[in-house]
Amino acid sequence: MNDPTAPSGNDAVENDAVENTGAIALDADDVVARVLASADSKAAGYSLFRSGAAQALQTHASGEYDGSDHDGDQSERADRNALRRVGGLSTELEDVTEVEYRQLRLENVVLVGVYTHGTVDDAENSMRELAALAETAGATVLDGLLQRRATPDPSTYLGKGKAQEVADIVKALGADTVIADTELAPSQRRALEDVVKVKVIDRTAVILDIFSQHAKSREGKAQVELAQMAYMLPRLRGWGDSMSRQAGGQVGGTGAGMGSRGPGETKIELDRRRIHTRMSKLRKQMVEMKPAREAKRANRKRNAVPSVAIVGYTNAGKSSLLNRITKAGVLVENSLFATLDATVRKSTTADGRLYTLTDTVGFVRNLPHQLVEAFRSTLEEVADADVIVHVVDGSHPDPVAQLATVRDVVSEVGARDIPELVVFNKSDLISDDDRLVLRGLEPKATFVSARTGEGIDTVLAAVALLLPTPQIELDLLIPYDRGDLIAVLHDVGRIETTEYVETGTHVTAFVTPEIEPQFAPFVILPTLPA
């Protein structure tokens, strides 16, 4: 994972040493001096993690947001950029008693990964995706380390030797966080922290952190908090007095007398109880939000408005595609999980049929189960759709993994049998040879570019063919005071003939089974022969 052409950590070491010299001279305190001078002891010989672009983040200049009119004003982008973290400082502690003298870093990270099967390329692709996740969360990725093992070490995940090597890299580069490319067991995380002497988190924690930053709606925030609580519950740990027990009985000051002097509860048990209480409250809130969401969906069903769900890997260009088609103004950003809340916009086919387009949350490999469960209400939009537009980043180094990951989640929410239209986005970044390879993967796929508009008309035509079409022919005489029914026929039916007579509008039209009952009183019965 190291790049010999990348800049070395030596420059940073020298700069830190120059900056710290004056401070050491001014302060004679040994502890302060030792902390401020810790940069001088950083080992040389480790290179920065710069051997390739973070997977899933667009590296081509033409792939950056270009302020296109169809994307709207994108005001939320400025708000997010204003909250970016400041890098370049550190939080290393040689001794927990030195907490008052620590330096501040938000956050410089080293990535570690173990792959038990597959190729090195697959493992590096996964590692680069983890780098993209870390950068989206606001961290700076310094280096990465991969290890091939039959199984991850049950104690430290990496094994004793590799864990020590990571500790040396952390010390050399001044990192303050290690991120594992998997979901670590609580015991593995603690054991690895004991070796590397800095905070250790896993892939799931990074994804949850991104979701927490990007959630905007009340329901989205509740979903993310519920997922975080579910993740945190088995990972609670005590430190010092936080593990002390609450004494029961008279010892606890209650004066309850004999038989009540039990061991009490530990602080960690109280925390678990609070988490369970909070999770119950969040679930109750989400149940209360459900009727409003279902009412909107029921209204669309009652009017037989077909729905199209846009699904795909994160940063594949789903929001850009929605903006290009409907000018929805949804946030577009070169980052992972930029949009979390489902956005519904209406569109029409070339023959005038109305349908809705729904932008959904993006997926990623090893998507935490807690998030799938918490966002199940959002993913219901996918399960209730009539057509799924599956957007794939055509310029991605591993489109096969994107396809498989998204289809796994779609199957998990019970939407695998819904008609699917595969769309390879970012076609302006794809060579002719790559198009042949992608065509071999999905012969019926469509190539589009949400940025340039290439292929958009083809996608819309394909969607129109997949949408359910009215099949029931009716001969109707609709009174002039029921113009609303004529509007329904225009939106979700297909009008063949129209004639204005004295008593109303004589219409021949095709309708769907869902809306047929509301036209029953106006059907013209055939005249029986005399």
Side-chain angles (χ1 to χ4, degrees), residues 70 292-310 321-329 343-359 381 383-389 417-421 423 444 446 448 453 455-530:
H70 59 268
R293 185 176 60 253
E294 289 184 340
K296 295 177 182 178
R297 191 179 299 134
N299 188 49
R300 296 197 296 267
K301 287 184 176 179
R302 183 168 56 254
N303 293 323
V305 179
S307 62
V308 177
I310 303 176
L321 187 63
L322 180 69
N323 288 345
R324 170 64 70 171
I325 295 173
T326 67
K327 294 182 172 58
T343 303
V344 182
R345 294 292 184 271
K346 67 179 180 180
S347 185
T348 55
T349 61
D351 57 359
R353 284 178 291 149
L354 180 68
Y355 66 94
T356 60
L357 276 166
T358 305
D359 182 22
E381 295 288 349
D384 290 339
D386 295 290
V387 177
I388 291 176
V389 175
D417 296 330
I418 298 174
E420 177 193 50
L421 174 63
V423 173
K444 297 182 180 180
T446 303
V448 305
I456 297 297
D457 292 339
T458 306
V459 170
L460 294 177
V463 168
L465 290 175
L466 291 173
L467 287 173
T469 56
Q471 300 290 337
I472 302 172
E473 185 176 6
L474 296 178
D475 190 17
L476 303 168
L477 181 60
I478 299 176
Y480 287 121
D481 61 352
R482 293 304 307 271
D484 59 310
L485 294 179
I486 299 295
V488 171
L489 289 176
H490 279 290
D491 287 341
V492 296
R494 189 172 77 248
I495 297 178
E496 296 294 315
T497 64
T498 302
E499 181 184 1
Y500 300 100
V501 297
E502 183 178 351
T503 55
T505 306
H506 181 199
V507 178
T508 302
F510 286 89
V511 299
T512 60
E514 290 81 6
I515 65 173
E516 181 188 11
Q518 60 186 307
F519 292 97
F522 309 104
V523 173
I524 299 176
L525 298 176
T527 304
L528 297 175

Nearest-0.5 Å distance, CZ of residue R324 to CG of residue L460: 11.5 Å
Under 3.5 Å: donor-acceptor pair, side chain of D475, backbone of T508: no
Taking side chain as C-beta onward, heavy atoms only, is L321 less than 4.5 Å from I456? yes
If you look at every heavy atom in L489 and V507, which pair is closest and at what distance? CD1-CG1, 4.0 Å
Report the residues that fulfil side-chain hydrogen bond (donor to acceptor under 3.5 Å, both in side chains) with T503, sequence neighbours left out, ordered by chain and then residue number. none
For S347, which residues count as a side-chain contact (heavy atoms from CB on, under 4.5 Å) partner, sequence neighbours excluded? I325, T326, Y355, L357
Please report the closest heavy-atom contact between Y480 and G504, naming both atoms and the distance. OH-O, 3.2 Å
I'd like to know whether L476 forms a side chain to side chain contact (heavy atoms under 4.5 Å, CB included) with V523, so could you lay out the CA-CA distance, the side-chain angles of the two residues, the decisive distance to 0.1 Å, and finally the verdict. CA-CA 5 Å; L476 303 168; V523 173; 3.7 Å; yes
Please name all residues satisfying salt bridge (Lys or Arg N to Asp or Glu O under 4.0 Å) with D484, sequence neighbours left out, ordered by chain then number. R482
When rounded to the nearest 0.5 angstrom, what distance separates CD1 in I486 from CD1 in I495? 6.0 Å
What residues form a side-chain hydrogen bond (donor to acceptor under 3.5 Å, both in side chains) with D457, not counting sequence neighbours? none
Where is the tightest heavy-atom contact between L467 and P306, given as atom of each residue plus distance? CD2-CB, 3.7 Å
Considering residues at least two apart in sequence or located in another chain, which fulfil the side-chain contact (heavy atoms from CB on, under 4.5 Å) criterion with P521? none
4.5 Å side-chain heavy-atom contact, L477 and F522: no
For A385 and A309, the nearest pair of non-hydrogen atoms, with its separation, is CB-CB, 3.7 Å
Tell me every residue that passes side-chain hydrogen bond (donor to acceptor under 3.5 Å, both in side chains) with D481, counting only those two or more places apart in sequence or in another chain. none
Quick one: list whatever passes side-chain contact (heavy atoms from CB on, under 4.5 Å) with L466, sequence neighbours left out. V387, P419, L421
Which atoms form the tightest heavy-atom contact between L474 and V511, and what is the distance? CD1-CG2, 3.6 Å
With sequence neighbours excluded, tell me which residues meet side-chain hydrogen bond (donor to acceptor under 3.5 Å, both in side chains) with E496. R494
For E499, check side-chain contact (heavy atoms from CB on, under 4.5 Å) against everything at least two apart and list the hits. V501, H506
